[in-house]
Amino acid sequence: MASPEDGAAPPSSGVLETIPLEHVPSTHTVHIGLFKDVTNAEFLQQQLLGRNAEYEYAFIDASSVISRFQVLAAVYKAITIQLSGSMKTPNIHSEIVCSLSPNNNISEAYRRFGITPTSKHLIIVKVLISPTSTLTPAAVEQHLLANVKGTPTPFTDDTLQSSLTDWPKVRKYYKLNNVGWLDSVKDETVKRKEMEMLVLGSMALRSL
């Protein structure tokens with residue numbers, strides 16, 4: 001589905017990483033940035049709630065995410081929904097946030113996976129769709145640097161899993177606390193990979 005798939009970001013000199021997704025039309029380009037220690041999450045959320053078009057992004061609380069692939073799976077699903085004309089939220093970016101959820105409760109998805117006034121670390125996704133969008137990746141990057149008060153950080157699995165992921169929260173949101181065999185896995189790397197597979201499975205089953 002996505003390239004690359006191994007959780008490591010390719011070299012990039014900018015804040016935004018452009019990530020190609022297989023089986024996605026060339027009209028859609030995906031750009032993702034990670035900001036740590038954000039201090040103006042409340043302001044950013046208010047721009048979303050006020051439907052300020054300049055802030056039409058998928059603002060994802062990084063504490064609810066365990067891997068790049070989890071985010072890319074949500075992006076891919078949202079693009080597929082948008083192309084099929086079956087969106088249940090205002091735009092493709094809100095669809096991305098909802099696609100992270102294991103259920104169809106939209107307000108819960110926003111609350112659990114989207115930005116909140118207390119969010120500290122944000123994964124920010126922008127999908128540019130031609131020819132309707134006149135923005136460039138450079139313009140998006142400049143806008144984020146000017147308006148997100150946080151530290152741009154490489155969007156890698158190591159970054160997420162070493163300090164940003166709230167593991168108890170992820171287990172609660174994806175109902176993994178009752179998966180008894182998971183606690184018997186002693187190797188942390190293997191356990192995290194197993195958790196990722198369970199999370200992805202929950203996301204995939206959401207619309208069934």
Side-chain angles (χ1 to χ4, degrees), residues 1-10 17 19 21-22 30 32-38 41 45 58-81 88-89 94-125 150-151 153-208:
M1 179 200 73
S3 177
E5 297 182 355
D6 58 3
E17 179 186 351
I19 303 179
L21 297 180
E22 296 175 5
V30 178
I32 303 182
L34 171 62
F35 286 77
K36 291 176 61 176
D37 302 316
V38 175
Q45 186 194 38
F59 287 105
I60 300 168
D61 192 314
S63 67
S64 301
V65 172
I66 62 176
S67 72
R68 282 167 57 90
F69 197 73
Q70 180 188 356
V71 174
L72 297 182
V75 172
Y76 180 82
K77 186 171 186 177
I79 291 174
T80 302
I81 291 171
K88 293 182 173 62
T89 67
S94 50
E95 284 293 330
I96 291 171
V97 174
C98 287
S99 292
L100 287 163
S101 178
N103 61 57
N104 291 310
N105 188 322
I106 293 174
S107 61
E108 181 182 276
Y110 288 162
R111 188 172 63 253
R112 289 185 167 186
F113 300 97
I115 188 172
T116 70
T118 58
S119 294
K120 288 183 59 180
H121 314 298
L122 294 174
I123 299 164
I124 304 176
V125 184
T151 304
T153 305
F155 178 45
T156 66
D157 285 356
D158 284 345
T159 301
L160 290 170
Q161 297 176 6
S162 64
S163 60
L164 306 187
T165 302
D166 184 330
W167 295 96
K169 180 191 289 187
V170 170
R171 292 190 68 151
K172 175 184 176 182
Y173 289 173
Y174 290 98
K175 294 181 170 54
L176 302 183
N177 286 325
N178 295 324
V179 182
W181 61 264
L182 197 57
D183 291 323
S184 67
V185 180
K186 302 306 179 185
D187 186 305
E188 275 303 312
T189 301
V190 174
K191 180 184 288 188
R192 290 175 178 181
K193 196 64 181 176
E194 293 290 354
M195 285 183 66
E196 181 186 32
M197 292 301 103
L198 292 169
V199 165
L200 292 170
S202 296
M203 290 166 54
L205 291 171
R206 167 177 167 257
S207 58
L208 299 180

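Remember, it's a predicted structure, so these values are computed and weren't measured experimentally. Note that the numbering runs from 1 along the sequence shown for the chain.
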What residues, two or more places apart in sequence or in another chain, satisfy side chain to side chain contact (heavy atoms under 4.5 Å, CB included) together with [X]?
X	result
Lys88	Glu95, Ile106
Glu196	Ile66, Ser67, Phe69, Lys193, Leu200
Ser202	Pro102, Tyr174
Asp187	Thr189, Val190

* To do: Count the heavy atoms belonging to other residues, nucleotides or ligands that lie under 6.0 Å from NZ of Lys191, then report whether that count exceeds 12.
  =>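 Yes.
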* **Heavy atoms of other groups near Asn178 CG, more than 12 under 6.0 Å** =>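 12 or below, so no.
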Counting only N and O atoms by type, is there a donor-acceptor contact under 3.5 Å from the side chain of [X] to the main-chain atoms of [Y]?
X	Y	value
Thr165	Trp167	no
Ser101	Cys98	no
Arg171	Leu176	yes
Ser63	Leu164	no
Thr159	Phe155	no

Which distance, rounded to the nearest 0.5 Å, do you find between the [atom1] of [X] and the [atom2] of [Y]?
X	Y	atom1	atom2	value
Ser163	His121	OG	NE2	6.5 Å
Leu21	Ile79	CG	CD1	5.5 Å
Gln70	Leu100	CD	CG	5.5 Å
Gln161	Glu188	CD	CD	10.0 Å
Gln45	Leu122	CD	CG	10.5 Å
Asp166	Lys172	CG	NZ	10.0 Å

If you measure only the distance, is there a donor-acceptor pair under 3.5 Å linking the side chains of [X] and [Y]?
X	Y	result
Thr118	Thr116	yes
Asp37	Thr151	no
Thr156	Asp158	no

* Do Val97 and Thr89 have side chains that get closer than 4.5 Å, going by heavy atoms? ->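 No, side chains not in contact.
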* To do: Would you check, one step at a time, whether the test side-chain contact (heavy atoms from CB on, under 4.5 Å) holds for Met203 with Ser99?
  => CA-CA 7 Å; Met203 290 166 54; Ser99 292; 5.6 Å; no
Any idea which heavy atoms bring [X] and [Y] closest together, and the distance?
X	Y	result
Leu34	Pro154	CD2-O, 3.5 Å
Ser64	Tyr173	OG-CE1, 3.6 Å
Pro117	Ala41	O-CB, 3.9 Å
Asp61	Gly114	CB-O, 3.6 Å

* **Under the ring-ring contact (aromatic ring centres under 6.0 Å, His included) test, residues paired with Tyr110 that sit two or more places apart** =>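 Not a single residue meets the ring-ring contact (aromatic ring centres under 6.0 Å, His included) criterion with Tyr110.
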* Does the pair Ile123 and Leu160 meet the rule for a side-chain contact (heavy atoms from CB on, under 4.5 Å), with working shown? -> CA-CA 10 Å; Ile123 299 164; Leu160 290 170; 4.0 Å; yes
* Asked: Which residue pairs pass the salt bridge (Lys or Arg N to Asp or Glu O under 4.0 Å) test with at least one member in residues 97-107, sequence neighbours excluded?
  ->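 For residues 97-107, and leaving out neighbouring residues, there are no salt bridge (Lys or Arg N to Asp or Glu O under 4.0 Å) pairs at all.
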